[in-house]
Amino acid sequence: MTIADSDFPMDNGASCLPIPPEEENRIVSDLLQESELNLKEGNLCFVISNRWFSSWQMYAGPCIGIFSTDKQSSNSEHANDVHSEIAARPGPIDNSDIISSEINCDDNSLDILRALEEGTDYVLVPQEVWERLLEWYKGGPALPRKLISQGVGQKQYSVEVYPLTLKVTDARDNSKSIVKLSKKATLTELYELVCKIKGVEEKKAHIWDYFNLEKSTLLTVSDQTLEDASLTMDQDILLEVSLDTFSHSGMDSVGNELALIPLEPPTSSVSIAGGPTMSNGHSTGSSFNLCQGSSAGSSLTSLDDKNVNVSRGERGGLAGLQNLGNTCFMNSALQCLAHTPPLVEYFLQDYSEDINMDNPLGMHGELALAFGDLLRKLWSSGRTAIPPRVFKGKLARFAPQFSGYNQHDSQELLAFLLDGLHEDLNRVKQKPYIEMKDSDSRPDEEVASECWKNHMARNDSLIVDVCQGQYKSTLVCPVCGKISITFDPFMYLSLPMPSTVIRTMTVTVFYGDGSGLPMPFTVNVLKHGCCRDLCTALGTACCLKSDEMLLLAEVYEHKIFRYLENPLESLVSIKDEDHIVAYRVKRGARKTKLEIMHRDIMRGGDRKLFGSPLVTYLVEDPQYGANIEASVYKMLSPLRRAYSSTKSHGLKEDDFISAGSDEQSNICSEQAGTSRGESSFQLVLTNERCLSCHPIEEDSLIKPSQHIRVFLDWTGTEHELYDSSFLRDLPEVHKTGFTVKKTRQEAISLFSCLEAFLTEEPLGPDDMWYCPRCKEHRQATKKLDLWKLPEVLVFHLKRFSYSRYLKNKLDTYVNFPIHNLDLTKYVKTEDGQSYVYDLYAISNHYGGLGGGHYTAYAKLVDDNKWYHFDDSHVSPVTEADIKSSAAYVLFYQRRSKQEMEEES
């Protein structure tokens with residue numbers, strides 16, 4: 001078989017003697033474990049279509065160590081049962097769905113489609129696993145990729161799925177070629193490959209960085225990697241060839257002889273000098289040199305632009321950032337930071353004394369220098385878009401998770417940048433060891449001040465001065481009541497959307513003593529709360545008495561599937577499609593639980609379960625069937641049609657006896673005595689699995705038990721006497737089919753998000769707290785309070801949610817203030833200050849998960865106008881345009897005392 005639009009054959013044959021699926025799984029699992037122990041740079045991995053690999057896992061079983069999500073099963077309600085049935089053996093390996101049909105490389109190598117996601121579109125397997133799968137199944141084609149190491153210090157290994165693609169322009173005839181090689185390849189290897197393809201002697205070749213079709217840097221033969229040379233995906237390079245080996249001359253694209261003069265070698269000093277004209281008209285020119293050979297000194301030797309003249313007096317800050325291949329997330333975060341007034345003021349001046357090159361937690365000053373250089377370019381006069389290649393190179397070096405050309409999260413990048421800038425600018429050169437003390441019931445003010453002092457002893461930078469606040473965290477052990485209070489610093493606040501924190505649940509409440517009709521109640525509870533929270537909310541909704549309690553249960557196929565008697569059981573175990581009931585019962589000693597299930601007697605004598613079971617407690621052990629019958633009739637009394645008891649009541653045919661009335665009492669006494677004659681109810685004793693049936697008569701002896709289950713058989717007579725509709729059609733916990741998307745008028749507010757963040761909630765099962773008193777991990781309750789707010793306050797709206805089988809993005813419109821965000825009442829410390837903020841930047845995300853597009857809105861404080869930054873494109877916008885459901889990260893600046901006084 002041959003795949004369309006490609007030149008590779010695919011063997012249709014498979015292994016003649018297939019081995020059992022469990023044996024295949026064992027072999028592959030063993031090879032995976034062995035491979036994990038022998039990771040080294042240069043190892044080969046192979047890309048396999050997840051469509052085929054998922055079918056193999058359905059057949060052989062899942063393999064630990066390979067990240068793969070089956071799209072079909074992930075959407076299934078019963079995804080956990082994917083492997084319950086034996087799947088057929090898959091056919092030959094088929095990678096056709098992930099291969100690009102374009103053969104765009106001179107070596108005719110195959111490439112996979114761009115923007116594919118690991119685990120969703122493809123999986124990566126070690127060479128040994130690939131060879132075994134190929135031996136068993138044949139097919140293909142093979143898509144080998146190399147393992148590379150990234151990062152500084154502790155190396156991280158990753159598979160380079162997408163090798164660096166470079167477009168070669170030959171200056172002799174202006175012809176175009178494509179070369180692909182690892183970003184870890186050296187410039188020497190680049191020369192060798194280009195010269196081999198072009199048939200040129202290496203000593204006559206000269207390759208230029210030709211980004212944006214402009215000659216910027218001569219790439220000299222060396223061991224410098226392509227990544228360190230700031231070469232990016234799909235960019236252009238220019239090949240020039242000398243006429244002879246002794247002259248640095250060649251031919252340009254129109255055939256004219258030209259001199260090939262290498263750029264001057266980079267100097268060993270870096271000048272950080274803005275000489276910016278500030279808004280007050282004063283010049284603050286300054287410069288400094290870094291020591292020759294220092295890591296920071298060599299960090300900016302390859303600049304994307306010529307010398308930068310920074311001047312805020314000439315409307316700087318309106319330059320865009322070029323997209324280097326799915327880098328809109330980076331551009332959005334950078335524009336927000338580059339328009340943060342305190343950062344602009346700082347990085348346009350001399351910050352040399354703050355560079356910390358020896359901090360083991362930092363990047364030797366390189367990240368701060370790269371960011372400062374980029375910010376100065378953005379604030380230079382003019383609107384020419386800046387290619388942030390040097391900055392991206394530094395980012396990839398120190399944060400490999402952001403390398404490559406896949407889409408990432410702007411908030412995650414922002415968190416790394418703020419932390420990285422802090423460590424690079426940390427004024428503390430030697431961090432002291434400080435042992436944290438317990439609060440020990442000391443005043444909050446004392447503990448908070450001590451914690452902040454200890455924090456500042458190790459962390460002192462511009463970022464701490466401007467962006468860091470402090471919150472109070474209170475943990476309470478649910479078992480022993482131990483309270484732990486800490487005061488921790490924060491750099492931003494990740495606010496949950498109320499819909500991700502609060503859950504709407506509908507539960508039908510039954511009276512356990514037969515004193516009223518069942519009634520459904522809809523309540524709001526914490527999504528990660530426990531059954532105790534649900535009972536508390538239901539108790540308030542149904543006006544539960546002080547001597548009553550609620551017994552929660554799940555009804556499935558008209559039987560009690562389980563009782564939710566553990567108050568600490570997580571509500572996560574209750575699904576939206578479940579049917580949950582609650583029985584109002586008396587507190588105190590309860591001996592015997594009586595569970596009553598309902599059966600319709602069909603034509604032919606068959607029995608069919610219907611409705612919801614009734615549950616009550618018997619104070620004494622029932623000795624005879626008559627005791628059971630009396631309890632059953634008492635539980636049914638609210639369902640009795642009024643006209644059926646006696647005509648003397650004068651009620652209409654569809655009237656019911658109200659709970660607690662005299663009529664109710666009379667009927668209860670009747671049913672406890674003579675009503676057996678009116679009804680042909682048959683009670684049947686059954687077991688836990690509802691498999692046995694023993695008819696109950698009045699004089700039947702009942703064996704003592706803590707839990708008695710009976711069937712109640714209904715005939716036409718019973719349906720005339722009692723209205724069984726109250727037992728039928730239990731509502732689901734949450735009906736998702738009728739949810740309506742919120743409009744702007746119904747939108748949630750930023751304040752509701754903040755309040756959800758500050759709401760007390762139990763820790764998740766995966767985030768247990770070690771109680772020092774119990775000496776065990778406990779699911780403690782956690783409460784956060786704001787204690788100290790920074791000058792620049794960043795809010796991250798948690799629009800993305802992830803679970804094992806589901807990824808989701810919330811496009812809910814959040815109404816946030818642009819001016820006068822007053823948070824004073826949320827700050828618990830009594831310092832007499834006001835905390836009023838104004839918005840100055842927004843990072844936006846449009847589209848869905850794993851893709852979409854990031855932009856930014858930013859305000860130029862000097863001219864009080866808003867602008868839209870969409871990669872290279874910058875355009876003015878009105879204040880009314882900046883509020884949308886795409887808002888993802890919000891940047892606020894606190895008003896100064898002077899501004900507050902002027903406002904008043």
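Side chains of Lys146 and Asn43 form no contact here, defined as non-hydrogen atoms less than 4.5 Å apart. Looking at heavy atoms from C-beta onward, Asn331 lies in side-chain contact with Pro388 at the 4.5 angstrom threshold. Pro144 is listed as a side-chain neighbour of Phe46, based on a closest heavy-atom distance under 4.5 Å. Inter-residue side-chain proximity for Leu190 and Leu166 is flagged as met; some heavy-atom pair is nearer than 4.5 Å. The shortest distance between side-chain heavy atoms of Phe391 and Ile386 does not fall below 4.5 Å. At least one side-chain heavy atom of Tyr162 sits less than 4.5 Å from a side-chain heavy atom of Ile112. Looking at Ile148 and Glu41, their side chains come closer than 4.5 Å, going by heavy atoms from C-beta outward. Side-chain contact between Leu495 and Val814 is absent, with no heavy-atom pair separated by less than 4.5 Å.
With ring centers used as reference points, Trp56 lies 6.0 Å or more from Tyr59.
Counting only distance, with no hydrogens or angles, the side chain of Ser49 and the backbone of Asp97 share no donor-acceptor pair below 3.5 Å. In terms of modelled atom types and a separation under 3.5 Å, the side chain of Asp121 and the main chain of Glu117 share a donor-acceptor contact. No side-chain donor-acceptor contact under 3.5 Å links Arg172 to the backbone of Leu239. Looking only at distances, no side-chain donor or acceptor of Trp130 sits under 3.5 Å from a matching main-chain atom of Leu143. Not a single donor-acceptor pair under 3.5 Å links the side chain of Glu23 to the backbone N or O of Pro20. Between the Asn95 side chain and the Pro141 main chain, a donor and an acceptor come within less than 3.5 Å of each other. Of the possible polar contacts, one joining the Tyr191 side chain to the Ile207 backbone as a donor-acceptor pair under 3.5 Å is found. Without hydrogens or angle criteria, Thr225 side chain to Asp228 main chain gives a donor-acceptor distance under 3.5 Å. Within the 3.5 Å criterion, the main-chain N or O of Glu214 finds no donor-acceptor partner in the side chain of Asn212. No donor-acceptor pair closer than 3.5 Å links the side chain of Arg562 to the backbone N or O of Glu554.
Considering all non-hydrogen atoms of both residues, Ala229 and Asp209 come closest at O-OD2, 4.3 Å. Heavy-atom minimum distance, Arg799 versus Thr812: NH1-O, 2.7 Å. Heavy atoms only, all atoms of each residue included: Ile19 and Ile27 are closest at CD1-CD1, 3.9 Å.
Ion pairing of Lys184 with Glu160 is absent here, as no side-chain N (NZ or NE/NH1/NH2) approaches a carboxylate O to less than 4.0 Å. Under the 4.0 Å criterion applied to side-chain N and carboxylate O atoms, Arg503 and Asp576 are assigned as salt-bridge partners. Looking at Arg132 and Asp30, no side-chain N of the basic residue comes within less than 4.0 Å of a carboxylate O on the acidic one, giving no salt bridge.
Under the 6.0 Å distance and 45° angle rule, Arg89 counts as a cation-pi partner of Tyr137.
Partners of Tyr888 according to the ring-ring contact (aromatic ring centres under 6.0 Å, His included) rule, which considers only residues two or more places apart in sequence or in another chain, are His796, Phe800.
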Check your understanding: Would Cys753 and Ile748 count as a side-chain contact (heavy atoms from CB on, under 4.5 Å) if you check the C-alpha gap in whole Å, the side-chain angles of each, and the deciding distance to 0.1 Å?
Key -> CA-CA 8 Å; Cys753 295; Ile748 61 177; 3.9 Å; yes

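Among residue pairs with one or both ends in residues 20-43, none qualify as ring-ring contact (aromatic ring centres under 6.0 Å, His included); sequence neighbours excluded.
Among the candidates Val179, Leu238, Leu193, the single residue satisfying the side-chain contact (heavy atoms from CB on, under 4.5 Å) test with Val168 is Val179.
Judged by distance alone, the side chains of Asp409 and His845 never bring a donor and an acceptor atom under 3.5 Å apart. Counting only N and O atoms by type, the side chains of Ser332 and Ser410 include no donor and acceptor under 3.5 Å apart.
With rounding to the nearest 0.5 angstrom, the NZ atom of Lys167 is 5.5 Å from the CG atom of Asp234.
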